[in-house]
2 protein chains.
Amino acid sequence: MNLKTLAQELGLSPTTVSRALNGYPEVSEATRARVTAAANAAHYHPNTQAKRLATGRAMAIGHIIPISGRHEIVNPVFADFIAGAGEVYARAGYDMVLTIVPDEDEARAYGELRSKGNVDGVLIHAPRVNDHRITMLQSLGLPYVLHGRISGIESSYSWVDVNNVRAFERATHFLLDLGHQRIALINGIGDMDFARRRRRGYELALAARALAPDPLLIAEGEMTEAQGHDQARAMLALPNPPTAFLTASLLSAMGARRAVEEAGLVMGRDVSILTHDDELGYLKNGTDQQPIFTATRSSVREAGRRCAAMLIDQIASGEHTPRSDLMEAVLVVGDSTGPAPER
Amino acid sequence: MNLKTLAQELGLSPTTVSRALNGYPEVSEATRARVTAAANAAHYHPNTQAKRLATGRAMAIGHIIPISGRHEIVNPVFADFIAGAGEVYARAGYDMVLTIVPDEDEARAYGELRSKGNVDGVLIHAPRVNDHRITMLQSLGLPYVLHGRISGIESSYSWVDVNNVRAFERATHFLLDLGHQRIALINGIGDMDFARRRRRGYELALAARALAPDPLLIAEGEMTEAQGHDQARAMLALPNPPTAFLTASLLSAMGARRAVEEAGLVMGRDVSILTHDDELGYLKNGTDQQPIFTATRSSVREAGRRCAAMLIDQIASGEHTPRSDLMEAVLVVGDSTGPAPER
DNA sequence: TCTGGGGTCCAAAGCGCTTTGGATCTATGG
DNA sequence: CCATAGATCCAAAGCGCTTTGGACCCCAGA
């Protein structure tokens with residue numbers, strides 16, 4: 001079933017049918033009703049490719065996911081982000097097209113996406129410090145929105161991000177207020193921009209109390225359960241061990257908790273743990289009423305929604321002036337933190 | 001830059017340029033070389049929409065992800081599966097288009113995907129027992145491949161699946177051989193097909209030793225850390241507690257371990273834990289040399305690759321005779337299992 | 001010398017839609 | 001009664017590509 005045959009069945013021209021279905025005013029309400037009724041009855045949907053070719057708009061948003069050969073990890077946050085963005089796309093009639101590329105081909109992938117014209121814009125994930133993708137995107141003239149920001153780039157761009165500095169600053173103050181002096185930071189990979197910001201928040205809070213960060217209490221790496229466990233165990237074995245841990249993800253926190261318990265200590269009494277929580281669908285921090293960990297919480301799914309909405313709006317309006325959306329994390333208090341033990 | 005202007009610059013017709021780039025024989029090797037050189041220099045890539053319209057092939061595969069309002073969980077396995085499939089798509093020149101829909105709209109989504117013609121086939125995730133999607137897909141005439149199978153459907157279809165029955169049967173035998181008699185099963189959601197099969201494997205092994213399954217030792221639910229923890233804790237509090245746990249995912253196993261340790265027991269000595277491991281990128285079961293949990297292991301990412309390859313092959317060949325690919329899980333032995341304690 | 005078959009290339013017709021530039025008809029006001 | 005504006009519809013061009021059906025040239029074989 002295509003436009004032409006539908007038009008023939010109705011005794012109308014394709015022009016009129018097209019206009020009726022697309023809401024143009026040059027068609028009487030009577031015939032519009034006839035047309036929509038017939039279209040529904042025939043389960044007619046305009047062919048996507050033809051529509052795209054004719055209008056020049058792809059009605060699709062691209063996400064490029066680089067797969068690196070070195071550490072082949074699929075970001076656990078990714079699925080939830082995608083789900084959030086996808087909801088918005090679906091409502092707005094956009095498709096989401098994912099491209100998986102070996103990371104050495106990432107630049108080429110953006111270029112091809114552009115010249116093949118199969119997306120109207122792209123969403124950029126997991127920016128690193130001094131990320132080169134922005135300059136590339138800008139030279140391509142393809143609309144984009146970042147999930148995160150890029151320290152060290154002066155040109156402006158559109159982004160949605162959590163206030164990582166503030167979140168970790170508050171979290172650190174929270175622990176300091178409980179009397180902790182030796183606070184460890186188990187962070188994400190060092191050149192990820194969000195990790196850099198979280199560290200800055202941590203250091204700001206320490207500095208506010210005239211405390212110097214101890215390099216032995218700062219670890220970086222992929223945010224897995226094993227990383228949390230191994231780093232925490234090593235730190236607990238130090239001559240002067242930490243009394244509190246600040247971790248970058250729930251998985252790391254779970255690993256840290258395991259290390260604490262293995263050491264015969266009790267979480268919340270002997271050692272406190274405070275983590276960031278992305279509110280992943282499959283990794284809940286207990287319930288709202290009773291969180292397991294004290295945490296700075298911010299929904300990555302909501303971030304996906306906001307990114308998508310911003311990008312679509314930008315594409316639809318044709319306005320490419322950079323926008324931004326800074327989300328604040330909330331601090332939820334669970335049983336994993338308590339006063340620093342007497343020394 | 002489009003075909004026409006490229007052809008003009010070369011002093012050739014669009015026909016010839018198109019044929020040169022697409023490898024048709026009716027063009028001399030000399031001009032083919034000229035054309036490809038010019039195309040590369042100009043970073044020319046044929047417009048996707050135009051190509052699709054002309055050829056009638058969308059060069060895209062659809063994945064429909066239903067989001068249910070009830071339990072809004074994004075399957076943690078999903079990201080890795082997608083990554084595997086995406087690798088294959090990228091190599092074959094296919095796009096991957098994801099559609100997120102509220103699950104009451106899922107049927108409509110498939111129909112629209114078909115009539116709008118923006119995919120050549122679909123991949124079906126997470127089939128449930130008596131899943132209705134297959135009959136729908138078959139009536140639509142859209143090529144598809146299932147990740148998993150559907151008990152209770154007699155018509156044949158294409159699928160890629162792990163031998164869940166065998167895996168859990170072996171796992172149960174492994175525990176039985178260690179002397180365990182009270183083995184608990186912490187399974188996935190009951191009407192998911194894979195969960196049904198795993199349970200069958202578990203029950204087959206028990207039956208082979210003339211043991212009746214104890215309903216108190218069988219739990220179902222979403223495979224989260226909290227679920228594993230809560231179920232295991234409840235079971236350990238039974239008058240006649242289990243000495244071993246069989247869990248359906250690494251997250252559940254981590255939860256079970258926590259419950260075991262909270263009870264003052266030692267994993268691998270007092271209580272054994274054996275889990276299925278999907279080899280997720282962000283949730284490793286220790287290292288290959290030293291796994292944390294004894295586990296039945298099967299890469300979901302590899303399953304994604306195989307699904308994608310099968311579907312693409314099916315589309316390209318035009319053959320819709322059902323195929324299947326049964327993957328066997330391997331049993332890796334870690335420190336989480338040991339002989340049943342003396343009673 | 002003539003014929004026919006490769007080897008190369010091209011003109012033009014789609015693919016299914018949107019959109020421009022009318023055409024036709026009816027009501028309205030002077 | 002006529003000119004005009006508005007309402008309603010349509011023919012045809014065009015989006016950028018593929019593909020069919022030749023056209024043309026050159027050379028081998030009769």
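Residue numbers begin at 1 in each chain, while the letters A, B, ... track the order of the sequences.
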Nearest-angstrom distance from the residue atom [atom1] of [X] to [atom2] of [N]:
| X | N | atom1 | atom2 | result |
| --- | --- | --- | --- | --- |
| B/Leu3 | C/dC10 | CG | C1' | 14 Å |
| B/Met59 | D/dT18 | CE | P | 12 Å |
| B/Leu53 | C/dC17 | CG | C1' | 8 Å |
| A/Arg52 | D/dC17 | CZ | P | 16 Å |
| A/Asn118 | D/dC17 | CG | C1' | 14 Å |
| A/Asn47 | C/dG16 | CG | C1' | 6 Å |
| B/Asn2 | D/dC15 | CG | P | 9 Å |
| B/Arg57 | D/dG16 | CZ | P | 21 Å |

* To do: May I ask you to verify if any side-chain N or O of B/Tyr44 is less than 4.0 angstrom from the OP1 or OP2 atom of D/dC17?
  => yes
* In terms of the angle between their ring planes, are A/Phe81 and A/His125 parallel, tilted or perpendicular, with boundaries placed at 30° and 60°? ->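 Because their plane-to-plane angle is over 60°, the rings of A/Phe81 and A/His125 count as perpendicular.
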* Which parts of residues 12-34 of chain A get close to DNA chain C, meaning a heavy atom less than 4.0 angstrom away? ->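 Close to the strand are A/Thr15, A/Ser18, A/Arg19, A/Asn22, A/Tyr24.
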* To do: Please confirm whether the backbone N or O of A/Trp159 pairs with a side-chain atom of A/Ser324, one donor and one acceptor, at under 3.5 Å?
  =>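 Answer holds: no.
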* Asked: Taking A/Thr48 for the side chain and B/Lys116 for the main chain, is one N or O donor matched with an acceptor at less than 3.5 Å?
  ->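 Present.
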* So does A/His43 have more than 12 non-hydrogen atoms from other groups sitting under 6.0 Å from NE2? ->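 For A/His43, atom NE2 is not crowded (no more than 12 foreign heavy atoms under 6.0 Å).
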* Electrostatic pair A/Glu279-A/Arg301, nearest N-O below 4.0 angstrom -> no
* To do: Check the side chains of A/Gln314 and A/Tyr144 for a donor-acceptor pair under 3.5 angstrom, ignoring hydrogens and angles.
  => no
